[in-house]
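In what follows, chains carry the letters A, B, and so on, assigned in the order in which the sequence lines appear, proteins first and then strands, with residues in each chain numbered from 1.
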Amino acid sequence: MQGIQIDLISEERLSSLTSMEKIRLILDDVKQGNIVVLEKGLAPEEASRLIEVTMMEISPDGFSGIEMETYPAKEGGAGLAGLLSRISGKRPGSRLTVIGPANQIRMLRKDKDLISAWVSSR
Amino acid sequence: MSFLIKTKKKLSRFLKVFFRKRRARIGIYGPPNAGKTTLANRIVRDWTGDAMGPVSEIPHETRRARRKENITITGMNGNSVDIDIVDTPGVTTKIDYKEFMEYGLEKDEAVKRAREATEGVAEAMHWLREDIDGVIYMLDSTLDPFLQVNIMMVGIIESRKLPVIIVANKIDLPDASPGRIKSAFPQHPVVPISSLEGSNVEQLYEQMADYFG
Ligand SMILES: Nc1nc2c(ncn2[C@@H]2O[C@H](COP(=O)(O)OP(=O)(O)O)[C@@H](O)[C@H]2O)c(=O)[nH]1
Ligand SMILES: [Mg+2]
């Protein structure tokens, strides 16, 4: 069967991985032409390393990088949780994140709570 | 906490305050073609009379971070700050050499430019983690500011607790919308300028003296 593989990775699975394991998992998957959906987004430090490692692995006529889209973090949110996060100054991390190979995926955030992904087969 | 550790902490804080007379290193970050080098050149020219680096309409002209030391910027209100300016390669999550061929580059040249660009972006990320004390985040105000890479970069800068001024550049163009940038990043100061024509740069200098001083 021809098609495109989509891997959805749960928050539990992600939280059991170290930062470098997460980055490896994402890049190995995306380099095979798969789309990765993370239930919980990366921490800023992890995003920074993901960009760095992605750059180091780009090669002519091979991997040309990633396309990535995520919902923005809830601004503190309502209720007690929101209040606590505002007091502690801790911003909640980003939410559901879609990552794919740059040469096969175009992403569009239609608005703050809708992401559209257009994928082409190789 | 033991007495010893407390004393050690106090001492190291004391030493930091005493020896930290290093000038603040201000990195100019943002996507390719936002006008980072144009602004860096203007800052360096306005305050030292020198130049920084070449500007181009082809993305990724700047593929090495460049540092210009010891620039004193004075705002209209008389406040001033001593900084080093670091012009960085534009940060992106993808680079394809074929894109450069569309600008008329030969394949060899395009592949070389792409390789240097990837190294440059990795280097810029490294600078941000290790060597930068404040950031000017530069955006082209004719483009959508909500791009993932911008949100991600501003998140990374915030997580490092670095002071950041957002510059809404290219306001000389008819479809510029600095207001859109202000609404995308309400938590930071946004200064609309044209780094090409120089309009409103005085306001940026004043903001820099206040914010990075
Ligand atoms: N219209 C207009 N063009 C600009 C402005 N600033 C830079 N540019 C142009 O945008 C292109 C990219 O500029 P450059 O400084 O190399 O961008 P960088 O990749 O961010 O360093 C060049 O063609 C510049 O002339 C501006 O304020 N207005
Ligand atoms: Mg440049």
Report the C-alpha distance between A:M56 and B:V121 in whole Å, list the side-chain angles of each, state the deciding distance to 0.1 Å, and finish with yes or no for side chain to side chain contact (heavy atoms under 4.5 Å, CB included).
CA-CA 9 Å; A:M56 295 192 297; B:V121 175; over 6 Å; no
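- With chain B as partner, the option from A:S59, A:P60, A:P101 having the largest number of non-hydrogen pairs under 4.5 angstrom is A:P60.
- If you take CD on A:E69 and CG on B:L147, they are separated by 8.0 Å, rounding to the nearest 0.5 Å.
- Proximity to chain B is limited to the side chain of A:I58, based on heavy atoms less than 4.5 angstrom apart.
- Per-residue counts of heavy-atom pairs under 4.5 Å with chain B were compared for A:S48, A:G65, A:A47; the largest is that of A:S48.
- In this structure, the portion of A:T54 lying under 4.5 Å from any heavy atom of chain B is its side chain and not its backbone.
- When the heavy atoms of residues 37-44 of chain B are compared with those of chain A, none of the residues falls under 4.5 Å.
- Between chain B and the residues A:E67, A:E45, A:R49, the largest count of heavy-atom pairs under 4.5 Å involves A:R49.
- Residues of residues 100-115 of chain B that come closer than 4.5 Å to chain A, counting heavy atoms only, are B:K107, B:V111, ordered by residue number.
- For A:R24, the CZ atom counts as densely surrounded, since its 6.0 Å shell holds more than 12 non-hydrogen atoms of other residues, nucleotides or ligands.
- Contact count versus chain B (heavy atoms, under 4.5 Å) is highest, among A:E57, A:E46, A:M68, for A:M68.
- Ranked by heavy-atom pairs under 4.5 Å with chain A, the list B:R129, B:E123, B:M152, B:R160 is led by B:R129.
- Scanning all heavy atoms of the two residues, the minimum distance from A:I51 to B:T92 falls at CG2-O, 3.8 Å.
- Taking both residues in full, the closest heavy atoms of A:P44 and B:S159 are given as CB-OG, 3.3 Å, listed atom of the first, atom of the second, then distance.
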